[in-house]
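Here is the structure we will look at, set down as structure tokens.
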2 protein chains.
Amino acid sequence: MNNEKYKIYLEESEIPTQWYNLRADMKKKPAPMLNPATLKPVTKADLAPVFCDELIEQELDDTTPYFDIPDEVLKFYKMYRPSPLVRAYFLEEALGTPAHIYYKFEGNNTSGSHKLNSAVAQVYYAKKQGLKGVTTETGAGQWGTAVSMAAAFFKLDAKVYMVKCSYEQKPFRREVMRTYGASVTPSPSTETEIGKKILAEHPGTTGSLGCAISEAVEKAVSTPGYRYILGSVLSQVLLHQSIIGLEAKTALDKIGVKPDVIIGCAGGGSNLGGLIAPFMGEKLRGEADYDFVAVEPASCPSLTRGKFAYDFCDTGKICPLQKMYTLSSGFIPSPNHAGGLRYHGMSAILSELYDQGLMRAVSAKQTDVFKAAELFARTEGTLPAPESSHAIKAAIDEALKCKETGEAKNILFGLTGTGYFDMVAYEKFHNGEMTDYIPTDKDLAAAFATLPKVD
Amino acid sequence: MNNEKYKIYLEESEIPTQWYNLRADMKKKPAPMLNPATLKPVTKADLAPVFCDELIEQELDDTTPYFDIPDEVLKFYKMYRPSPLVRAYFLEEALGTPAHIYYKFEGNNTSGSHKLNSAVAQVYYAKKQGLKGVTTETGAGQWGTAVSMAAAFFKLDAKVYMVKCSYEQKPFRREVMRTYGASVTPSPSTETEIGKKILAEHPGTTGSLGCAISEAVEKAVSTPGYRYILGSVLSQVLLHQSIIGLEAKTALDKIGVKPDVIIGCAGGGSNLGGLIAPFMGEKLRGEADYDFVAVEPASCPSLTRGKFAYDFCDTGKICPLQKMYTLSSGFIPSPNHAGGLRYHGMSAILSELYDQGLMRAVSAKQTDVFKAAELFARTEGTLPAPESSHAIKAAIDEALKCKETGEAKNILFGLTGTGYFDMVAYEKFHNGEMTDYIPTDKDLAAAFATLPKVD
């Protein structure tokens, strides 16, 4: 085994210089976002008070296949990219599987996840537009940290609303963001009208991403020189995250490996959408076939149990409506430990691909996910984020299926981040205090009843 | 700048296959360790109840220049090595210095530091000897985590005594170690005779590395099938850590760069000794000259203010005596935040080299170190460990000197680890609650009075 390569690093000169826009290859495109007031497709003018101008162009463009990565962003990428593609020999050995498991490791930077890939792009465009600062929300804290790092680098102000249960479970995340000069507020807060309203209606709520988004958007549109940026769900984010898949594909091509199964955890869809992008492009163009698997928490199962419908992206219902798999913006998931996967909806692109049967989805229970995380840590070394561990769980399941059938499939999964700020969750797991919350059909029916009526 | 290389990665096939034993090239060798009972040089038989047999061979051998790295250890190294050598373009730009700054980044693994390099070697030899488990101490928690990871990999039991103030400052470190299956006890504890004695004499003590070492050694010698392993100070540890310097040198040679100044933080000396090893070898053989700089905290200044004398390695005085720069084993440093640099003594090898004038030492105040850490995080991205930030501080000082003189020196420093588990310290710094403790001459004189009398 000592002659095998464990990590496949590309050269810095091999970092892709363009992002890939998966929508360009989709015959049936994702449905347009709707203006919540008029229920008509949003225009650039509708979005201009919320988003940076160039990001709006990227958001609405579903035909241009490639966008140049700006030099300033590429320069930042060189701090931590290319990220390693790792052959999981030790995990394979522990499982006794004939499968070959590869993972693309995006936790190799201080934000601890892939989120930095889009944060640096979005903050760069805000800087280019001459803005003073950006507002955003964060669930697990990885996106907020990523935005803080990017804002420090480009010398912009960053104002982060952090979902309250994560704020409390991850006290040190706040200090990392402060190290980079950001301000962090637990959400819902009394700093915004929508925060006050939510607190009045749901006293004692532990918050949700949908609610933190509302607060951040309100702050952005009500503060001159500020715009809002979002770490997942949006098509622009999947565009930026395509760098994950582009690098992974380049590295696998180099060693002559074609993955059979490609697995990613899915909250809002940014990691999965980025990882699968170039492979799905091949599938859409009829050049190759792959088995794509989205893995979501059983506690927040938007693909596996949600509805494909127009819904608000935020709890406060001030954002555009998007057609997506959703549990409804009124769904407040249990405060489980995969904070980054607690979003009620799913990227419009992934929702459309799933609806067309181009990918499949599975859900995983929290305790099973932590069991997989522990096995991974002990064999492969790296302590994974709870979010990423959903993908590990599914990859292990696939590898064990191969053990039964004797197939030597190539399995690729996205290891989106590290769990260094998730030790409260690990502690609960070690102490046997972790429970598996799964919403009942009745819970979901009640949530679905709050979906907006759109023809 | 986009054409420049930021990170210089070696191929996995370029990982050194031998460790370098610096002592082989020293004309005047470090003085022998003494048996604390007889005050005669220790024998292999003296050490056998404490250390693994092969590690004793390595500890006592000051003539063999190279030791083969076992295949099993090399295999583990491939999980996270070669570690990147990074050109700090962004820091250079922020400082406006003509200097070229490079850092060897050892924080790229879950233990968060270079400690894993020696942990895996020591645990491997314990496994090879057929032992059941190992005991050890940890200060900042990095060594304990490293041992836990290595023990999980080789399926050995790990029992870790963690300095109480670190245990309290870094609650999540314990959970990382538990994830890898280790048991962790705050030290001093009531689990050992020496722990009980120290608690009786110093009620309310926050502990020290010297005291935790005593407990771990007592536990090892009193438990069948166990041996003690140590993460710094010992010559065997510097041997294993030579991989840092060997890789750094190979990478710099590849790009044709000869460092002028080589800087490392120094607690027990493992990182510094490893980083400088092959360069110091050249200096000892008269092949090249370098300016070597040890950086220690002003609160625990063993090189800059200590005595070069025989002293106990532990507070309980049960370990061999070693001739080294020391503040005395009775010195209990303030509970500052560079937990990993709180050891009262210094590696015998580095002490001897320092005494011979082959390297220099500086000390840095805690708040200055955190200022440097924050600047580094904001420019280079990575959030550094407080320990590592001592080296950053000194590297910045050197780079600013170059700015004054106009010299384009090549500065190499060791970025030993990340600060993700040090956010309590960062929080104190952000809140302006961090103080600079510097022992008075009277404090030190009182400590020196407790040094053993050895001719």
Side-chain angles (χ1 to χ4, degrees), chain A residues 1-7 9 11-13 71-72 74-76 78-82 84 86 89-90 108-112 116 145 149 152-153 155 171-176 178-181 370 373-374 377-384 418-427 429-431, chain B residues 1-7 9 11-13 71-72 74-76 78-82 84 86 89-90 108-112 116 145 149 152-153 155 171-176 178-181 370 373-374 377-384 418-427 429-431:
Chain A
M1 197 187 284
N2 264 339
N3 297 322
E4 303 285 356
K5 265 190 111 155
Y6 287 66
K7 302 174 298 300
Y9 275 103
E11 295 289 324
E12 285 178 7
S13 56
D71 277 354
E72 291 80 352
L74 269 178
K75 191 170 136 179
F76 189 99
K78 290 191 180 178
M79 271 195 204
Y80 67 103
R81 304 204 69 84
V86 186
Y89 282 115
F90 299 111
N108 229 358
N109 67 75
T110 286
S111 82
L116 196 52
T145 308
M149 289 173 69
F153 188 81
K155 298 189 167 50
F172 297 158
R173 273 281 179 201
R174 183 192 63 230
E175 291 307 321
V176 178
R178 283 179 78 194
T179 302
Y180 289 93
F370 274 80
E374 190 170 272
R378 291 186 183 188
T379 52
E380 289 291 316
T382 299
L383 184 87
T418 51
Y420 307 145
F421 291 92
D422 299 285
M423 298 321 296
V424 168
Y426 273 95
E427 183 174 10
F429 174 67
H430 295 145
N431 294 344
Chain B
M1 196 188 282
N2 264 339
N3 297 321
E4 303 284 358
K5 265 190 108 153
Y6 287 67
K7 303 174 297 301
Y9 274 104
E11 294 290 325
E12 285 178 6
S13 56
D71 276 354
E72 291 81 351
L74 268 178
K75 191 171 135 179
F76 189 100
K78 288 190 182 179
M79 270 194 204
Y80 68 102
R81 305 204 68 84
V86 186
Y89 283 115
F90 299 111
N108 230 358
N109 68 75
T110 285
S111 81
L116 197 51
T145 309
M149 289 173 70
F153 188 82
K155 297 188 168 50
F172 296 159
R173 273 281 179 200
R174 183 192 63 230
E175 291 308 320
V176 179
R178 283 179 78 194
T179 302
Y180 289 93
F370 274 81
E374 191 170 271
R378 291 185 183 189
T379 53
E380 289 290 317
T382 300
L383 184 86
T418 50
Y420 307 145
F421 291 93
D422 300 285
M423 297 322 295
V424 168
Y426 273 95
E427 183 174 10
F429 174 67
H430 296 145
N431 294 344

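Below, chains carry the letters A, B, ... as their sequence lines are ordered, and counting in each starts from 1.
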Original post:
Quick one: NZ on A:K78 to CZ on B:F90, what's the gap to the nearest 0.5 Å?
Top reply: 9.0 Å
Original post:
So what's closer than 4.5 Å to chain B heavy atoms on A:R173: side chain, backbone, both or neither?
Top reply: neither
Original post:
Any idea which heavy atoms bring A:T110 and B:T382 closest together, and the distance?
Top reply: OG1-CA, 3.1 Å
Original post:
Quick one: are A:D422 and B:F172 in side-chain contact, heavy atoms under 4.5 Å?
Top reply: no
Subject >> Salt bridge flag under 4.0 Å for residues B:E11 and A:K5 >> reply: yes
Subject >> Listed partners of B:T179 passing side chain to side chain donor-acceptor pair (under 3.5 Å), at least two apart >> reply: A:H430
Original post:
Nearest 0.5 Å, what's the CG-CG distance between A:L383 and B:N109?
Top reply: 11.5 Å
Subject >> Straight-line distance of B:R178 CZ to A:F429 CZ, nearest 0.5 Å >> reply: 11.0 Å
Original post:
Are A:V176 and B:Y426 close enough that some pair of their side-chain heavy atoms sits under 4.5 Å apart?
Top reply: no
Original post:
Is chain B contacted by the side chain of A:Y420, its backbone, both, or neither, given a heavy-atom distance below 4.5 Å?
Top reply: both
**OP:** Side chain from CB out, backbone as N, CA, C, O: work out which of these in A:M149 comes under 4.5 Å of a heavy atom of chain B, or both, or neither.
**Re:** side chain
Original post:
Do you know the tightest heavy-atom contact between A:M423 and B:F421?
Top reply: CG-CE2, 4.1 Å
Subject >> Residues that B:E12 engages under side chain to side chain donor-acceptor pair (under 3.5 Å), provided they are two or more places apart >> reply: A:K7
Original post:
Which bit of B:Y9 is near chain A, if near means a heavy-atom gap under 4.5 Å: side chain, backbone, both or neither?
Top reply: side chain
Original post:
Do B:R378 and A:F153 have side chains that get closer than 4.5 Å, going by heavy atoms?
Top reply: no
